[in-house]
Amino acid sequence: MAKIALGCEPVVGSLTSSKKKEYRVTNRLQEGKRPLYAVAFNFIDSRYFNVFATVGGNRVTVYQCLEGGVIAVLQSYIDEDKDESFYTVSWACNIDGAPLLVAGGINGIIRVIDAGNEKIHKSFVGHGDSINEIRTQPLKPSLVVSASKDESVRLWNVHTGICILIFAGAGGHRNEVLSVDFHPSDIYRIASCGMDNTVKIWSMKEFWTYVEKSFTWTDLPSKFPTKYVQFPVFIASVHSNYVDCNRWLGDFILSKSVDNEIVLWEPKMKEHSPGEGSADVLQKYPVPECDIWFIKFSCDFHYKAAVIGNREGKIFVWDLQSSPPVLIARLSHVQSKSPIRQTAVSFDGSTILSCCEDGTIWRWDAVANS
Amino acid sequence: MPAFMASATVSAHLSDLPNYVQGSGHHNDPLNETQRSGASDDPSHGVHPSDLPDDPPKDAWRSDPDDDPPDNPLAIVLVDAKTPAALEIQAIIDVLKEQVASERTVFVKRRMEENTQKLFDVTKNLFKLSAERNPKINGTDQAVDLLAKRQKDAIDMQNGISTSSGDSDGNSPQEDGYASSAILLGSSIAVKNAVRPIKLPEVKRLPPYTTWIFLDRNQRMTEDQSVVGRRRIYYDQNGGEALICSDSEEDAIEEEDEKKEFTESEDYILRMTVKQFGFSDVILDLLAQCFSRKPDEIKARHEDLVKEGNDMGFTSNVNVDGSISSYLDKNLDAALDSFDNLFCRRCLVFDCRLHGCSQDLIFPAEKPPPSCCPDAEKDPCGANCYRLVLKLESDASIRSPGQGTSEEHLFPPSDASAQMPRRKNLGLSVKMRTKSSQSDGTSSNAKNICESSDSEIRPPIEVADAQPSSSPPKNKLVKRGGTQKRNSKRIAEHMLVSMRKRQKKMLASDSDPLESGTLGFKDLSLQSNSRKENGDESSSSLKLKSPNARRPRRISPALDNCKPLQIETSGCPPNLVMDNQPVIRKDDTSRKNDLLALGLYQHEVNDDKSWKPIEKALYEKGLEIFGRNSCLIARNLMNGLKTCSEVFLYMNSYDNKLISQSGDGANALIDGYYKVDGKETMGNGVRRRSKFLRRRGRVRRLKYTWKSAGYHSIRKRISERKDQPCRQYNPCGCQSPCGKECPCLVNGTCCEKYCGCPKSCKNRFRGCHCAKSQCRSRQCPCFAADRECDPDVCRNCWISLPCSCGDGTLGVPSQRGDNYECRNMKLLLKQQQRVLLGRSDVSGWGAFLKNNVAKHEYLGEYTGELISHREADKRGKIYDRENSSFLFNLNDQFVLDAFRKGDKLKFANHSPDPNCYAKVIMVAGDHRVGIFAKERISAGEELFYDYRYEPDRAPAWAKKPETSGFKKEDGGPSSGRAKKHT
């Protein structure tokens, strides 16, 4: 990583907790022995804002957060292939509004589960290797995008089961893609990052007709003219190691490597030379003991806070809307010692869930400030 | 920038800026140190004062303004100059830095607020959408939404309401659903016992692969794809944690990187400090330290800034003017810059991925004749066509000689039809012309080349002769070597025509009293069919110009004006040129004089001041391409710049000058001219040689092969093929037959059609003359040399049109005859077999054949990225780690890597007992890898070939029990593919 030039220094947050909010553990579940890699609230459908899903091993489980720290199990799905190990899960929905769960893992097969009917909806075979992250387009929640070890990012239509676009090739990632995210308002834009230490921003604007076509496709999905998007519109080298999580924060990007921090930066593209440009690193959010890869952070619905666990089972809650960054809370529990792979924040930020390497799920609830 | 910096003293600054100064004593120096030690990329080391614990960032900027920094101890240590001045400067720099930093925080804060505002709207919209997604819950299929139901059940359960058993879903999970609703209060009840899981039926996973892009032809690696010099981090598949693997040399490369540009703030600090204290070494050092750069960098930047500052005032207007400049103001070379850089002369495409842009420009020593578009020559090309203008003039000149030259506006009404589509008015215009023409009898005589000087209509023979040429006009631009044979006759014709035109012109323009005299004579002599005279005339101009044609184009700008006729020389078929050579040499000196004189002459006489340099250059290009056809030149190159008649006038004004200057030396050329004219399309020389070769061939095939076709280097390659990788070919730019210093010779490759050297070059690969053998065996010199036949080079190998399409019509030209079809051009023609991709019976993916093929049939090409051996070694290490490699040794310079880009044949597995073999073949100057059937293969069979690992590199499974002679045992960088999927 290049040295930061004078006058472009990021504003680094202080690790002193502002104690703006306090959280307390209200529940802890042991789901199984296998590590849990992902947990996600349903932000797609307001009916299910209190419903979340976890994945670990060959299992996908759906829970509900109830009052008083109570967690109810609603559904559980098991892949018949015992060797499957799900790495990621995302909520989506059909065009008729039926809730879908999209999960993927080591087998490279994307499982689309119809949670409304409790059965498999579709399975997408196509990725050449394991799937590291799946995200749903919030504006069109039957579009999902998947990041894979096969160095590609693919855009799928869960409704018709079509692989619409493949983001890979000449300008694509040179190693596993670990994370991907849809821009919250620019429907054409996605950002992906991975083991080649880069974050790439892609635009599907020129290919949007194919996206539209995918909704009306009636022939076999395999006959769909899947297109390659070979060149990203922007490549950022903000990190010098694996970048394992990136999220849009408006037009900015939050990304983290294994350097014990989350970085907030602004992509500054050059109008006429796609692929070039510079990243202006604005803020940094330190996260101690967070130097292993595949630790993902999450945000609440309104992007007010980012929550990330670390290698030692501690959780850091950063205010995303303040400058300089403010650490809202640092959560720790004597029994929480296992690496936290992923967190989930409820719609309003009052509940934080963490899923751990040891197969436990922790629920933290905000304590009303007296 | 704030105005306060204008104040004069340090103390003034400090008092002006109490807020910013406070930290400099304590917080700022760690900054200096960390930057110096290169650790500033580590945020935890205090890039920013706000990092310090117990010091909330905001406060860091606002608190305690009294802590003045003048006696900053660290600054003294860092700066060797312990003078008060240095301290002062240091203090100022610190103040400036503080200020920059604080401005930065303000900036970031502002950006954050803006973004937050934007986000607010975004999430509001998203929330609205998420709320809209549930209207269907009231629909008829509400009961189906089990998720909603379970959700409700759980809530009911929690609230202690006994749930009504809605059996509507009628399957067992429902029961489990209730069991699952067992509330999990802060305890660790094992979840999996609570819910009966729903099974997801197994789906067979694909064999692993990396997403790859299909390539139908090789590509050269682009710079950004390189892994050399980049740090790679791998993780242990089992342990799951990362380990950094990179050679130390690579790390060093990475650190060096590019030089950072100066940021605005750095400029600002630099400017302000210098303004304050002037420019001195102390300041330089301090600034260098502050920016962690070298003092000389700072100095250079300072000079730039000063310059910029000076320019700032008055340059803006100038720049505006400059930016508007269009290509019309440039000369042709500049305007053609992007063409030269981006157009690949070997593949005839822009932005060639194989040979890259900015290739060395090779200009052939021999140029092809200009192409003629037959149908364009009959009719006026438009309202401004010289034919129409001339007609008027000639009529006029009969009545009143010496009238003005440009009379476009005097067309008779009937001529308006000329503006209509050519086909339509063909009849009409021909009629018109016959009327006006003095000797329609002669012009209709197909065989007679001579005709009335008055008829600007090309004689029919011209049209007939310029047979539809097989290469489209685009090709002609570049494919200079290709069309010569066919055009040789046309050229002869052309000379005549152009000469005729010139005479016509002279008559019409009547600008030169001297000329008019001769013209009268010529006119007469022409009518008496004096062929000799024609030859004389044309050859004189030809003669004059020929030296230019031999010059590389690039050198010519100075001579630009002297070149208009050069095409006539280049138009000569090769043997003509050869025949003429001695003559040309002889005349060398006199020619030079002529040229010089011409240049002068032109300056004096040339009244075409209105012609811009680019127009002149375009015109010359037009001559090269279209010959002396002002219609085509005007339409294709000068559109919107000059009209046909203008071009025509320009063309002829040159000729007049040329003719008046050149009197002698014509005769020698006439001989050449006649020779060509009298001959068939093919020169005698070629004929003779082929007979000779055939005779030799009967005696000893192999020897024949090598002697006749394989010149030095290729022979070497054949005989040493087993030991040496092929050599990468790069065209040479020799303008004379290649000598010892020719890069091709030095490199050990043959000269190819892309070389600049003349065809007579001894190092050229001559192709084959096979006929009946169909180039399928080593009898064919091409085949023996591992080359594909090339229709441009080989004598009998012609592209038979789509035979693979199954319509059975072979487009072999009839004169080729014999139903001969070259079988050694399959890569060139992409006549590959259909290959299918599927799960291998052995491991991972495999390639399968759709149809039956015979032995030695060409199956397809192994395509990929062309990478250097160094790059391949690096990638090989990575691939070995993943136990899958798609590297293929191509030649001494390149390795093919099909990892990310390739075709399906990359999935063909290795076998020590394969049914295919791979062969590196030279196709049109490029090495390519063809996969061929080693035996008869039936449809649906999986394809295998021997990767030919180097013995020590082969994985255990790839080793053959006994070492076969087939195996490559060379010590080359890496032979064949290293490893593949397991």
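We name chains A, B, ... by the order of the sequence lines, and we start the count at 1 in each one. Here the structure is a predicted model, which means the values were calculated and not measured.
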Q) Taking the six-membered ring for Trp, are A:Phe301 and B:Phe127 parallel (under 30°), tilted (30 to 60°) or perpendicular (over 60°)? A) perpendicular
Q.
Quick check on B:Val203 against chain A: is it the side chain, the backbone, both or neither that has a heavy atom closer than 4.5 Å?
A. both
Q: Among the options B:Arg110, B:Met112, B:Lys901, pick out the one with the most heavy-atom pairs lying under 4.5 Å from chain A.
A: B:Met112
Q | Among B:Asp121, B:Leu126, B:Asn125, residue most engaged with chain A (heavy-atom pairs, under 4.5 Å) | A | B:Leu126
Q | Sub-4.5 Å side-chain heavy-atom contact between A:Pro324 and B:Thr105 | A | no
Q) Charged N to carboxylate O under 4.0 angstrom, B:Arg111 versus A:Asp251? A) no
(Q) Strictly distance-based, threshold 3.5 Å: is any side-chain N or O of B:Thr211 a donor or acceptor partner for the main-chain N or O of A:Asp150? (A) yes
(Q) Out of the candidates B:Lys199, B:Arg196, B:Arg150, only one should pair with A:Glu118 under the salt bridge (Lys or Arg N to Asp or Glu O under 4.0 Å) rule; please name it. (A) B:Arg150
Q.
Would B:Thr210 and A:Asp129 count as a side-chain contact (heavy atoms from CB on, under 4.5 Å) here? Give the steps.
A. CA-CA 7 Å; B:Thr210 299; A:Asp129 222 315; over 6 Å; no
Q. Under 3.5 Å, is there a donor-acceptor pair between the side chain of B:Arg133 and the main chain of A:Ile44?
A. yes
Q. Which atoms of B:Lys124 come close to chain A, meaning under 4.5 Å heavy atom to heavy atom: side chain ones, backbone ones, both, or neither?
A. neither
Q | Spatial distance of atom CG (B:Leu119) from atom OH (A:Tyr303) [nearest 0.5 Å] | A | 7.0 Å
Q. So, do B:Gln151 and A:Asn50 sit near enough that their side-chain heavy atoms are less than 4.5 Å apart?
A. yes
Q) Between the main-chain N or O of A:Phe43 and the side-chain N or O of B:Ser130, is there a donor-acceptor pair closer than 3.5 Å? A) no
